[in-house]
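Hydrogens, waters and symmetry mates play no part in the numbers below; they use all other heavy atoms, side chains included.
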Amino acid sequence: MNAPTASPVPPPVVEIHDLTVAYRRKPVLWGVDLTIGPGKLVGIIGPNGAGKSTLIKACMGLVPTQGGWVRFWGRPFGEVGSRVGYVPQRETVDWDFPVSVMDVVLMGRYGRIGLFRRPSRADREAARACLEQVELLPYADRQISNLSGGQQQRVFLARALAQEAEVYFMDEPFAGVDAATEASIVSVLRTLRDRGCTLFVVHHDLPTARQYFDHLLLLNLNVVAFGPTAEVFTAELLQRTYGGRLTLLSEVAQALGAQGGPR
Amino acid sequence: MKAGRETRGGGGSRRRWGAARVATAVLAAALLLPWAHAAAPAGPDGEGLAQVWRFLRLEDAAVRHVVWGTLLLGGTCGLLGGFMVVRRMALVGDALSHAVLPGVAAGFLWNMSRDPVAILVGATVAGLVGTAFVSALCRTTRLKEDAALGLVLASFFAVGLCLLSIIQRLPAANAAGLSHFLFGQAAAIGPADLRVMAIVAGVVVLFVVALYKELVAVSFDAAFARSQGLPAAFVHHAFMFLLAASVVIALQAVGVVLVSALLVTPAATAYLLTRRLSRLLVYAALLGAVAGLGGAFLSFLGPGLPTGPLIVLVASATFGGAVLFGTREGWLVRFWRQRAGVGQTRRENTLKSMYHVAEREGFAHAGITLEELATRRRQTVEEVRALGAELHRHGMARLERDLLSFTPEGRRRAGEIVRNHRLWELYLTRSANFAPDHVHDHAEKIEHVLGEAAVRELERRLDHARRDPHGSVIPSAADLERSNWGEPGGRAR
């Protein structure tokens, strides 16, 4: 399709090849293939248990894989980890942990600070800028136990921003967040994309998935479809992704109907 | 504005800590003094008092060993315990401390003597094997961590007990000191033990200071730390290794059964006193050292007093002090706040009833009779007389014989409460679609806690409506300023 160019083609930002993951011998991801370039905002959607979280954890080497490989800019994760950012699910940490918002955001700098060293003034400034971006600067000195769900989610986003990465994996950054916060998070994600970052975002809501992301990865144990949203968000592909789940199907139908798509 | 808030916050927590510190010190003193008194006359010829003097002068080498030993082991356990508690690993500490016992026996069997280094190595290895078993059980079976911990704890402890009882029957063995590992005896700490303790404590402090950032990151969010390339596995395993080593150095003074309390209790106390991790760790280490020293001192006062239980009791007493007197969420503070709230609500309800009586009479009279109030509240005259007297004491009303009249302050507050009640009722029916007969009980609670800012907002949203859903007038701010009803200077009855 693409005409060959004279200059050597740079390796893709992320390339996943035949990735397979199993928990206690039960496969949760099977032969995932995917290649993507810079500046893309990718939504990962699929039913519960489809392996969405597992996929992004496997990409960062957080779960053992049974086969296949993941390369970033043609190199394994271990060599380029500092250029990859992560927003885990909000429930994975104890929000009663005795640290402040600022402390958590600074943790995003730890990867680049290096062992035995303390965060510098520059790191603090960077963390403040990230808090400003998610509109949490006035909360910098608050204990994290005093935050609402939406604020917790934005703290995690600010921590990821502090990583100053080029590829981001975000696990349900919109879970338990009100509409206004969701809109502000989306605008942060778009800013990152426009700067050339590639973002993978696990998402649950189909109607908004269509609005938010320019690429979609439909996942159910393996890749059902991956491509530009306009091409992939079709009734047939969504039905294949979600199987016979009636409630979700009706949701899909509604989402397509609202957009004037095929019925 | 920002800076102002920071300063206030900092000052507040300093004050809170100050108060809590005084409270705990008082409690600790209260606990120590009777002991000292009881012990002093106990020995013949004031031997107890002599023991106190001997302990305090630190001239005796044995006493110095005990003092340094308990300070070191208490501080070390407190420091690592702080991390343990914020990581919700308290039960791991319990399992670890029991799992080391077979290692103690093995270390003894190594060269048939109580060699501290051999015992440290053996016990630490046993502890780590125990925790490795726990994580292997969690990974490979459907068992959850609590069951795995309980199982490993009991099995390892049983093996240790068997080995110890066998050792004590061995003809060649000089097993005299081994029973100390069960219940603890600080007096048994010798110079060789002290050297091992100092080394372990030094390594622990160095580890925490050098890798503080990584420890915190791994404790808070291990997956994120790993995704950044931090050496999460190394930090975790090093932490578990040092935890095991700290448990082992505390064993001799505290005993296997209770050593986990030295990990948990000072850290739990610190957890109640602060919400900053760095402070929490310092407090936990200090409280651990205080508990160690206090327990050693108490056990010194009489023959046969076991150090371990006394160390744990001192730690528990400081914890009890923090629970009772902690200014952040102590029981006393809570009880006080709640009591104050109950009294205020009762007085405000009396004022509201007075307002209702006065309102029905068109605010024509300066005072209302107790009779009228009793009818309104469906209470006896004697009951409302007590309520009136309470208002009198608080300067909200004047009670003269059977006549109750508002003071200016009481009149203002009564108007505010009625206004809050009626505003809230109107808000619920208009904006939250409550039926008019459903709103009273909600308003009864909310009227006492609505602040002025919330009232302004409600008035704005309700377009300064004048009447509540039941048709009664909502007193406005101007009404509260203007009317002089209910004052003694008004029309007398």
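- Residue contact with chain B, scored on non-hydrogen atoms closer than 4.5 Å, involves the side chain of A:Ile144 exclusively.
- Residues of residues 201-215 of chain B lying within less than 4.5 angstrom of chain A, judged on heavy atoms, are B:Val209, B:Ala210, B:Leu211, B:Tyr212, B:Lys213, B:Glu214 in numerical order.
- Summarising the local packing, CZ of B:Arg456 is surrounded by more than 12 heavy atoms from other residues, nucleotides or ligands at distances under 6.0 Å.
- Counting non-hydrogen atoms of neighbouring residues, nucleotides and ligands closer than 6.0 angstrom, the CD atom of B:Glu452 exceeds 12 such neighbours.
- Only the backbone of B:Arg139 has a heavy atom closer than 4.5 Å to any heavy atom of chain A.
- With a threshold of 4.5 angstrom between heavy atoms, B:Ser219 approaches chain A through its backbone and through its side chain.
- For the residue pair B:Ser227 and A:Leu62, the shortest heavy atom distance occurs at N-CD2, 3.9 Å.
- In terms of non-hydrogen atom pairs under 4.5 Å with chain B, the most contact-rich of A:Asp94, A:Thr92, A:Val84 is A:Asp94.
- Looking at A:Asn146, only its side chain comes within 4.5 Å of chain B, counting heavy atoms on both sides.
- In this structure, the separation between CG on B:Asp221 and CZ on A:Phe156 is 5.0 Å, given to the nearest 0.5 Å.
- Neither the backbone nor the side chain of A:Arg142 comes within less than 4.5 Å of any heavy atom in chain B.
- Chain B forms more heavy-atom pairs under 4.5 Å with one residue of A:Gly111, A:Ala165, A:Ala160 than with any other, namely A:Gly111.
- Contact of the B:Arg276 side chain with the A:Ser100 side chain is registered, since non-hydrogen atoms from C-beta on lie closer than 4.5 Å.
- With chain A as partner, the option from B:Ala223, B:Ala217, B:Gly229 having the largest number of non-hydrogen pairs under 4.5 angstrom is B:Ala223.
- Around the CH2 atom of A:Trp69, the shell of radius 6.0 Å holds more than 12 heavy atoms that belong to other residues, nucleotides or ligands.
- Comparing B:Leu230, B:Leu280, B:Thr274 by heavy-atom pairs within less than 4.5 Å of chain A, the highest count is held by B:Leu230.
- Residue A:Val87 does not touch chain B at all, counting heavy-atom pairs closer than 4.5 Å.
- A:Trp95 and B:Phe220 have perpendicular rings, their planes meeting at more than 60° on a 0 to 90° scale where under 30° would count as parallel.
- Proximity to chain B (any heavy atom under 4.5 Å) is restricted, for A:Phe77, to the side chain, taken from C-beta onward.
- Proximity of A:Phe97 to B:Val216: side-chain heavy atoms (C-beta onward) are separated by under 4.5 Å at one or more points.
- Contact of A:Asp103 with chain B is made through the side chain alone, with heavy-atom distances under 4.5 Å.
- Taking the side chain as every heavy atom from C-beta outward, A:Asp96 and B:Tyr271 approach each other to under 4.5 Å.
- Looking at every heavy atom in both residues, B:Gln228 comes nearest to A:Gln163 through CG-NE2, 3.5 Å.
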